[in-house]
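Okay, so here's the structure we're looking at.
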Amino acid sequence: MIRLLPRWLLAIGLLLPFVPLLVWAGSGQWRYPGVVPQRGSGRGLRLLVDPASDIPQGLLTSLLLGVTVSVIACAVGLCAGRALGLYAFRGKRAVQFLLLAPAIVPGLAVTLGIQVFFLRYRLAGTLPGVVLVQLLPTIPYVTLVLGSAFANFETGYEEQARTLGAGPLRTFWHVTLPVLRPSLIVAAFFAFLISWSEYILTLLIGGGTVKTLPLLLFAYIGSSDQNVAAALALLVVLPPFLLVLVTSRFLTGSQTGAVGFGRL
Amino acid sequence: MLFLGGLGLGVAQSFGYLPFLPGWHWSLDAYSGLLDDKAVRQSFVLTFRIAFLSTGLAVVVGVGGALLIRSTRRGKRLLSALFQSTLPVPHVVGALAMLLLLSQGGTLSRLTNAVGLTHGSQGFPELAGDRFGWAILAEYVWKEAPFIGVVVLSALSSGVADLEDAARTLGAGPAARLRHVVVPLITPGVLATSILVFAYSFGSYEVPYLLGRPYPATLPVVAYQYYTDVDLNARPVAMAICVVIAVLIASLVALYMLLAERFVRRTA
Amino acid sequence: MTAPGTTVELRGLTKSYDGTQVVADLNLVVRPGSLTALLGPSGCGKTTTLKVVAGLLDADAGDVLFDGRSVLSLRAEQRPVAMVFQKPLLFPHLSLGDNVGFGLRMRKVPKKERVERVERALELVRLQDLASRRVGEVSGGQEQRVALARALVTEPSVLLLDEPFSALDASLRGEVRDLVRGLQQELGVTTLFVTHDQEEAVAMSDDIALLLEGKVEQSGPPRDFYAAPASMKVARFFGGRNELTAIVREGTVHSALGQWATSRPDGDAVLTVRPEAVVLASEGLPATVLEARFLGTHVAVTVELADGSRLQLHAPPSVTLPSHVHLSVDPAATTLLER
């Protein structure tokens, strides 16, 4: 029993914060000092799908943003990662540093400086503007993951495909991509998650017009509407959990990939 | 590009450059202002304290948790899955969870009230929106300890058990194996990831905004406050804070790269 | 660094994993100061046996005795053994010298003595100049030699070697093998050596214990395995033997090679004979040559006997073979085994 105690403590500590979230999401009235809600209600959860609320729209915006950012970041990351991973060149370490830095340096510190330009070029408050600013942390991260994948990539596969009569495009599609698939999935996964969880960059550039789920969640937390906030929070964590389940076998053993969790 | 541009512009603006605004001039006022500003000084102390404490606690809990999971036989997969369950949770959600759990009207307060440990919501200690930042700390540790733990677990995969066997045949008992084999092997990875954790807890905006108080606030929150101030002259100060954050974190990144390189070399 | 010769005895050792018995009632006595090979195909339980002796695994039943005393109550770190694994398993965060000194540090040997002993151990494996190098900066063969020094420096009573050469190139293998054999004889430390390579076992060891399906099928000096295999399984594992059907009736063997007296009970049997024991003669058993292949040191000849059974023999390389030959076989060089 004594030997199991620390394990139980660990498990409880990890799970405890989820409890009020779940209970609040389904409660109608939960006044202090009630340990359980006085009244249950589906109001919070119903609001998630109520077309009159801004939540369904926010879900769409978040999904659209996440997918767009993930796709663009992976496309750019594939080219940059190839250069970084396959070829040795002068100043490679400097480039690596320049890539790692924006992946780690808080977005706020950088974005405050460029907001004026987004305003100037009418990108502020638009979806493309938010995509652009979210690419700031994601492209470097994706490049790093794919760069380390390319570093272990056997170019012989490509040469083999070329000698078997595949053109550059077909070689890329049928050989390069499948070989890099596990890393690409990890990279895309984190790019999506970074975009999905982003708050401050979206707020600064989106200026309140581009309403993603984290922004709405912030607003509901601010309005002290705990039921809706908790229900919305469940909606926000659901896709990441599902994605983890789907991609878990690629995530284990990806040292570079795991770094992404530090940015979430 | 965008990153460098943003940083460069931030630096320029911190020196007084206010594009699209008449009458700006270069100056060092923002930086000297940083030192004079009491709010900023207190914010420095608070931010460093939170970042150090949350990183330290996350390392202790993360390494301890990983070692616990490693030595678990029954229910290992379940415990390991639980351990990693907080990883994909966005910090905004984590912050809300901590708010609902730890605030004076929160779940924990209701529980201690029910069993008679505390009396009423006012009798419960102020954990969220307090001066110390308990809830902020709790959120960071809750999110980042598993992050460190996962890195430790991956560093302790298959090969290390063989090394421990070798150490056993050379006369190393459990404590000696932990000290002379396990700890040295995980140290580089733990150092590298704790730098990431430090960087995050130092520069994140949403968690201290939701769980802290407006004054004293952490540096990113203060920077945003100044940035959105109606007085445009506060902007250079905001930029100066950002530059300080960026320079500090960037030097940590350089340190991380050195460590990560050694880490890779050792585990290869 | 001489260790007193320790007798190692395994009594009724049994070990199962997930319901499969890997070691089944294994009995073995290792003579003090000898190098004994645990030989067997993969999955025969030899590494498991070694780990039980080391204390890294607990047996389900049975006992392990050093000089007649059970060591089961001792944990691995307390047993007077040292082990070299398939991989060098050097600690990557320590220099080569610190790796060798690890066991001494665990035994709280003072630093000055430690340094001296590490130096001597590295000299033994002829790597005295590499103490300050790091793991990964030297070759695989050198790393394995460091692992050997690391095991020997603690002056173990029993040395356990788990296929320590299998990860090395063929050229390095011979070199490290000679080094191990030389050191073992010099130090006189009782050594249990796991291998799946029968040539290696024959070349290196004083005794061989052939493990098949978790049991010792036969043990003794290497030549016994050629001269007198205890069973068909042993004969087949060592390979290269001719097998002929035979019948024993009233104390006499009847086979294609002739008839002679035996002490075996009546019944069907298999007569085995090594190709070297079959010689060409001017008269004797008539046979037809089917194939002759020149192999440098000898000619491998396949012949057919009068009753249609086939036989392999080794002829001198200079011989010119007619299509019909006569053979002579010494009955003492044959082994009669149960079918």
Side-chain angles (χ1 to χ4, degrees), chain A residues 6-7 10-11 13-21 23-24 32-35 96-98 100-102 104-106 108-114 116-117 120 132 135-136 140 193 196-197 199-200 214 217-218 221 226 229-230 233 236-237 240-241 243-244 252-253 255 258-259 261-264, chain B residues 2-3 5-7 9-10 13 19-20 65 68 72 79 82-83 85-94 96-101 105-107 110-111 113-114 120-121 142 147 150-151 154 193 196-197 199-200 203-206 210 220 223-224 227 238-239 242 245-246 249-250 253-254 257:
Chain A
R7 292 176 179 85
L10 184 69
L14 288 163
L15 283 182
L16 199 57
F18 287 119
V19 175
L21 219 52
V23 180
W24 268 112
Y32 201 86
V35 176
Q96 276 173 334
F97 172 75
L98 282 179
L100 204 53
I104 295 174
V105 171
L108 177 76
V110 186
T111 321
L112 280 191
I114 33 176
V116 272
F117 286 87
R120 175 72 175 172
L132 201 61
L135 286 174
L136 204 74
L193 272 195
W196 180 263
S197 318
Y199 170 74
I200 189 71
L217 182 54
F218 242 71
I221 297 173
Q226 255 92 323
V236 174
V237 286
F241 271 135
L243 275 177
V244 166
T252 44
Q255 192 88 56
V259 171
F261 280 124
R263 185 59 178 72
L264 288 177
Chain B
L2 219 51
F3 171 74
L7 205 56
L9 282 168
Q13 289 179 60
F20 324 120
L68 261 182
T72 302
L79 194 60
L82 269 184
F83 195 47
S85 66
T86 75
L87 287 177
V89 176
H91 275 281
V92 188
V93 176
L96 173 63
M98 288 299 165
L99 196 66
L100 297 179
L101 181 71
T107 310
R110 293 162 193 249
L111 285 173
N113 180 59
S121 60
W142 182 67
F147 172 50
V150 166
V151 173
S154 86
T193 38
L196 297 185
V197 171
Y200 190 86
S204 147
Y205 171 82
E206 48 263 57
L210 286 174
Y224 189 73
Y227 186 74
M239 296 300 164
C242 287
I245 296 176
I249 305 287
V253 173
M257 278 181 72

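Lettering of chains follows the sequences in order, A, B, ..., and the numbering in each one begins at 1. Just so you know, these numbers use all the heavy atoms, side chains as well, and skip hydrogens, waters and symmetry mates.
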Does any backbone or side-chain atom of Leu79(B) lie under 4.5 Å from a heavy atom of chain A? Answer side chain, backbone, both or neither.
side chain
Residue part contacting chain A, namely of Leu210(B), when any heavy atom lies under 4.5 Å
side chain
At a 4.5 Å cut-off on heavy atoms, which part of [X] comes close to chain B: side chain, backbone, both, or neither?
{"X": "Leu243(A)", "answer": "neither"}
{"X": "Leu14(A)", "answer": "both"}
{"X": "Leu21(A)", "answer": "both"}

Can you measure from CH2 (Trp142(B)) to CG (Leu16(A)) and round to the nearest 0.5 angstrom?
10.0 Å
Measure the OG-CZ distance between Ser85(B) and Phe18(A) for me, rounded to the nearest 0.5 Å.
4.5 Å
Just give me the residue among [options] that pairs up with chain A most often, heavy atom to heavy atom, under 4.5 Å.
{"options": "Ile249(B), Leu100(B), Leu101(B), Thr86(B)", "value": "Leu100(B)"}
{"options": "Ala114(B), Ala199(B), Gly105(B)", "value": "Gly105(B)"}
{"options": "Gly94(B), Ser121(B), Gly106(B)", "value": "Ser121(B)"}

Work out which heavy atom in Leu193(A) is nearest to a heavy atom in Pro88(B); give both atom names and the distance.
CD1-CB, 4.2 Å
May I have the step-by-step check of side-chain contact (heavy atoms from CB on, under 4.5 Å) for Val244(A) and Leu87(B), ending in yes or no?
CA-CA 9 Å; Val244(A) 166; Leu87(B) 287 177; over 6 Å; no
The test is side-chain contact (heavy atoms from CB on, under 4.5 Å); show your working for Val89(B) and Phe241(A) and say whether it passes.
CA-CA 8 Å; Val89(B) 176; Phe241(A) 271 135; 4.0 Å; yes
Suppose we screen for side-chain hydrogen bond (donor to acceptor under 3.5 Å, both in side chains). Which residues come up paired with Arg110(B), at least two apart in sequence or across chains?
none
Here's a test for you: under side-chain contact (heavy atoms from CB on, under 4.5 Å), which of Asn113(B), Thr107(B), Leu111(B) qualifies with Val35(A)?
Leu111(B)
Count the heavy-atom pairs under 4.5 Å between each of Pro140(A), Pro240(A), Gly13(A), Pro17(A) and chain B, then report the option with the highest count.
Pro17(A)
Between Val237(A), Ile221(A), Leu10(A), the one whose heavy-atom pairs under 4.5 Å with chain B are most numerous:
Ile221(A)
Going by ring pair (Phe, Tyr, Trp, His ring centres under 6.0 Å), name the residues that satisfy it together with Tyr199(A), two or more places apart in sequence or in a different chain.
Phe218(A)
